[in-house]
Number of protein chains: 2
Amino acid sequence: MARTAGSHSDITGPRVLKAALQLFARHGFAAVSMRQIAAQVGVQAGALYNYIPDKQTLLFDLMRTHMEELLSAWQDEAGADTAPARLERFTRFHIRYHLERPDEVFVSYMELRNLTPDNFSVIEALRRRYEDQLEAILRDGAQSGDFDVPDPKVATMAVIAMVTGVTTWYRTAGRLTVDEVQEIYWQMVRKGVSA
Amino acid sequence: MARTAGSHSDITGPRVLKAALQLFARHGFAAVSMRQIAAQVGVQAGALYNYIPDKQTLLFDLMRTHMEELLSAWQDEAGADTAPARLERFTRFHIRYHLERPDEVFVSYMELRNLTPDNFSVIEALRRRYEDQLEAILRDGAQSGDFDVPDPKVATMAVIAMVTGVTTWYRTAGRLTVDEVQEIYWQMVRKGVSA
DNA sequence: GTCTATACCTGGATAGAC
DNA sequence: GTCTATCCAGGTATAGAC
């Protein structure tokens, strides 16, 4: 396909998303200007609007994409098995997946307030679908007697908060590998819900 | 004391802090304007500067006050005892204290990015001092054989994240009392670090 | 597809009257 | 202590040339 010399739409589009993601994660959505994003991409502010309709939609698309990919990745990994085996798989998956995407996680978690009500509802529904995956595991294990979980809803929130928390302190250059972190957290989760 | 008719400095000052706290918690520091704060207080924007030097200092003061009061409240409650007893006290204290101050917690947690580097260092040091309280308990319990905690630093972050997470979902109007939530979380913490 | 230029608005903060 | 008025920097988004 012949293209105009200055045409880079196939490459600039993703770069806009990536720059926005990094800047939103670092400074927060409201604190980042379109001019900053443009500077990071290496274009002028006006050029951004060839790729995104507005700043709000940019945030929404980043968050929706992240949540949909998270759900899809878990669907690929989840399988039929005993509740304890599924819980271990969920715990390790969640930690690995989130540590591999610190910016996406941070933005999707911190910028809910900056979504319009309609966009917020969409993201919330996706988040809820993900949490439901864990809740189902805990319910199954409680019913089978493998777990002692008096309130599966609360236990779900507790486990999710705990494992998501790794993203606030883990650094690749630190003393622990991802495998070691997964193991430590899995032992705490396992014991925490044990019968 | 005789006062000018329009003088309300003794009451307006705290109202500025409270309005700012609420708005920052709801919409985020960067998304809230001084004019919004002034409107909530019922004054004009210029009048705010009788009480605060600038917006950054306003945020910093809110966060520092919260962290200092948190530390001080825990000092009042902490006491010499076995590690398991101190861990239970810490868990219940943390949940109760945080649920009683959702706005302070949210702001102190979400707005770290919007502090200047100097202010950030101060808040981080206070946060670290609080986390050290829990870490000391976990180390003591590991040494005494009461806990099985292979990595006290990681366990500290895991427990803190878990119990702080209640603030994201707990609603006073919901089906659970604070006491019930404390009990559920305490059982998970207790089992999670158990030998 | 990107640029320059700009419209239009809202931001934080200050000055000076009352 | 609060108001009105205002400065000026910076925000999002658009228009039209290239």
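Below, chains carry the letters A, B, ... as their sequence lines are ordered, and counting in each starts from 1. Computed from heavy atoms alone, side chains included, the values below leave out hydrogens, waters and symmetry copies.
Between A:Leu48 atom CG and D:dG11 atom C1' the separation is 14 Å, expressed in whole Å. Here D:dG1 presents its C1' atom at 14 Å from CZ of B:Arg15, a figure rounded to the nearest Å. Here D:dC3 presents its P atom at 10 Å from CG of B:Asn50, a figure rounded to the nearest Å. The separation between A:Ile37 atom CD1 and D:dA13 atom P is 10 Å, rounded to whole Å.
A:Gln143 and A:Asp140 share no donor-acceptor pair across their side chains, judged by distance under 3.5 Å alone. Between the side chains of B:Thr164 and B:His98, no donor-acceptor pair is found at a separation under 3.5 Å.
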Inset, instruction - Determine, for nucleotides 12-18 of chain C in 5'-to-3' order, which nucleotides have protein heavy atoms under 4.0 Å from the base (write B), from only the sugar-phosphate (write S), or from neither (write -). - result: BBB----
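B:Phe147 meets the ring-ring contact (aromatic ring centres under 6.0 Å, His included) test with no other residue; sequence neighbours excluded. Annotation: salt bridge (charged side-chain N to carboxylate O under 4.0 Å, His left out) contacts of A:Arg92 (sequence neighbours excluded): A:Glu88, A:Glu183. Residues satisfying the salt bridge (charged side-chain N to carboxylate O under 4.0 Å, His left out) test with A:Lys153, not counting sequence neighbours, are A:Glu135.
The distance between the ring centers of A:Trp74 and A:Tyr130 does not fall below 6.0 angstrom.
Salt bridge annotation for A:Glu111-B:Arg113: present, with a cationic side-chain nitrogen under 4.0 angstrom from a carboxylate oxygen.
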Identify each donor-acceptor pair in which a side-chain atom of residues 35-50 of chain B lies under 3.5 Å from a protein atom, sequence neighbours left out, and give them as a table.
residue : atom : partner : partner atom : Å
B:Gln36 : OE1  : B:Ser33 : N            : 3.1
B:Gln40 : NE2  : B:Gln22 : OE1          : 3.0
B:Asn50 : ND2  : B:Ala47 : O            : 3.2

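Contact annotation: A:Thr12 side-chain N/O to C:dG1 OP1/OP2 distance is not under 4.0 Å. Listed pair A:Gln44 / C:dT4 meets the phosphate criterion, a side-chain N or O lying under 4.0 Å from OP1 or OP2.
Within residues 114-121 of chain A, no residue has any heavy atom under 4.0 Å from DNA chain C.
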